[in-house]
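A quick write-up on the structure given underneath.
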Amino acid sequence: MPFQFQVERELFLKAEGQGQFFAKKGSMVADQAYNSKFKYSKRLLGTNSGNIVGQVINHGMRRVTGENLEIMEVEGQGIVYLADENSHVTIINLEQGGAWQSVSVESEDLLAFTETCHYGVTIIGSGIISQRGLFTSKLSYNGHGAQVAIKTKGNPLVLQGPCRVDPDAIVAWTGPSPKVKLDVNWKTLIGQTSGESYMYEFSDPNQVVILQPYERESGVKFGIDDKRYQPQEQSSAFGNTFGGNQGHGQGNVQDNNSGLGGIIGKFLK
């Protein structure tokens with residue numbers, strides 16, 4: 001029987017079966033092998049079958065976009081327990097066709113997935129700068145029993161569209177990419193913001209959106225009321241925005257490999 005996932009005590013992922021699956025490097029906490037020992041090995045190019053050229057291109061896209069997760073291949077027969085930083089675990093079962101055909105998830109929130117998932121990168125909407133940049137990881141149905149395990153800081157909130165959510169709290173969603181709604185006006189530019197200057201909008205009623213009770217340091221901040229704003233380090237709030245700030249008050253494109261500037265810079269080197 002191929003590996004199947006289930007949640008154990010909210011904080012553990014239990015993978016039971018035989019064959020192989022893929023997980024975040026270093027996330028194994030215990031195993032119970034039925035025959036010989038489990039084998040853990042790092043995957044250099046990725047997890048997708050096919051010719052070597054396709055694997056190299058897919059791997060390059062993940063590295064350039066900042067969505068490259070260090071992955072290990074787990075092979076054997078028995079039970080493997082995974083966990084990561086006391087995070088809560090949620091399992092998504094993918095199906096052929098419809099909204100459950102694929103799930104988009106930030107690479108930092110991905111814990112494991114079965115070998116019947118296709119692992120790649122997709123663009124989020126058009127012209128957006130989010131916490132992780134313009135791209136996110138995407139796992140798609142590629143065979144029976146496709147499952148994806150994600151992790152959240154605290155118990156997740158699961159919503160069904162239509163809804164609007166804070167990009168810094170979102171962890172994953174099924175189906176197509178969201179639209180982006182900006183709330184930018186003259187008040188924003190002088191620092192009188194609500195703190196919710198942009199949101200993701202999901203309009204498909206069949207989509208599922210998973211949030212965590214925790215907000216990342218945003219990649220986009222508007223206005224001088226940003227607590228990380230340092231006049232001596234940032235010439236303007238716009239410099240902070242287009243630099244793809246990663247949470248350290250540095251609006252410097254050259255130091256950032258996840259924002260749009262970082263993506264362009266990698267191609268120009």
Side-chain angles (χ1 to χ4, degrees), residues 4-15 23-24 27 67 69 81-95 98-114 117 119 122-125 128-141 146-183 193-222 227 246-247:
Q4 293 184 336
F5 295 163
Q6 68 181 67
V7 177
E8 189 85 4
R9 302 196 176 190
E10 296 188 353
L11 306 181
F12 294 90
L13 174 67
K14 178 182 179 182
K24 179 181 177 180
S27 59
E67 285 295 318
L69 175 70
Y81 293 94
L82 306 174
D84 188 65
E85 297 182 343
N86 202 38
S87 298
H88 285 246
V89 178
T90 300
I91 296 171
I92 300 171
N93 298 308
L94 300 182
E95 300 174 357
W100 292 94
Q101 174 81 24
S102 64
V103 59
S104 298
V105 54
E106 295 284 7
S107 61
E108 64 188 43
D109 301 318
L110 181 60
L111 181 59
F113 54 95
T114 59
C117 293
Y119 173 45
T122 185
I123 191 168
I124 308 175
I128 319 161
I129 302 178
S130 71
Q131 160 67 14
R132 297 292 297 173
L134 292 165
F135 301 85
T136 193
S137 296
K138 185 173 184 178
L139 291 109
S140 305
Y141 177 93
Q147 291 181 298
V148 179
I150 62 174
K151 57 192 184 73
T152 59
K153 294 185 177 180
N155 280 316
L157 173 66
V158 181
L159 298 178
Q160 193 165 359
C163 62
R164 294 194 300 175
V165 303
D166 187 329
D168 298 323
I170 195 169
V171 173
W173 66 86
T174 63
S177 297
K179 295 179 180 178
V180 175
K181 296 298 181 181
L182 296 176
D183 181 17
T193 70
S194 65
E196 307 296 341
S197 298
Y198 72 121
M199 292 178 284
Y200 286 172
E201 182 176 80
F202 297 88
S203 55
D204 188 339
N206 295 318
Q207 283 187 274
V208 172
V209 182
I210 300 175
L211 307 170
Q212 62 184 358
Y214 170 87
E215 292 190 31
R216 310 174 188 90
E217 285 286 354
S218 178
V220 177
K221 286 291 186 182
F222 297 97
K227 64 183 179 181
Q246 286 292 321

May I ask you to decide if [Y]'s main-chain N or O and [X]'s side chain share a donor-acceptor pair within less than 3.5 Å?
| X | Y | answer |
| --- | --- | --- |
| S140 | S102 | no |
| T136 | V105 | yes |
| Q207 | P176 | yes |
| Q147 | F5 | yes |

Shortest non-hydrogen contact from N206 to Q160? CA-NE2, 4.1 Å

Atom pair [atom1] ([X]) and [atom2] ([Y]), whose distance is rounded to the nearest 0.5 Å:
| X | Y | atom1 | atom2 | result |
| --- | --- | --- | --- | --- |
| S87 | Y214 | OG | OH | 10.5 Å |
| I170 | T152 | CD1 | OG1 | 13.0 Å |
| T114 | Q4 | OG1 | CD | 9.5 Å |
| Y141 | N93 | OH | CG | 11.5 Å |
| K151 | Q212 | NZ | CD | 8.5 Å |

Residues which pass side chain to side chain contact (heavy atoms under 4.5 Å, CB included) with T90, listed by chain and number, not counting sequence neighbours: I150, P156, I210

Side-chain touch [X]/[Y], heavy atoms, less than 4.5 angstrom:
| X | Y | answer |
| --- | --- | --- |
| W100 | V208 | yes |
| K138 | S104 | yes |
| F202 | L159 | no |
| H88 | L11 | yes |
| L82 | K24 | no |
| L139 | L110 | yes |
| L13 | I91 | yes |

N155 and E10: CA distance, side-chain angles, deciding distance, side-chain contact (heavy atoms from CB on, under 4.5 Å) verdict: CA-CA 8 Å; N155 280 316; E10 296 188 353; 3.9 Å; yes

I'd like to know whether NZ of K14 has more than 12 heavy-atom contacts from other residues, nucleotides or ligands below 6.0 angstrom. yes

Has Y81 got more than 12 heavy atoms of other residues, nucleotides or ligands less than 6.0 Å from its OH? yes

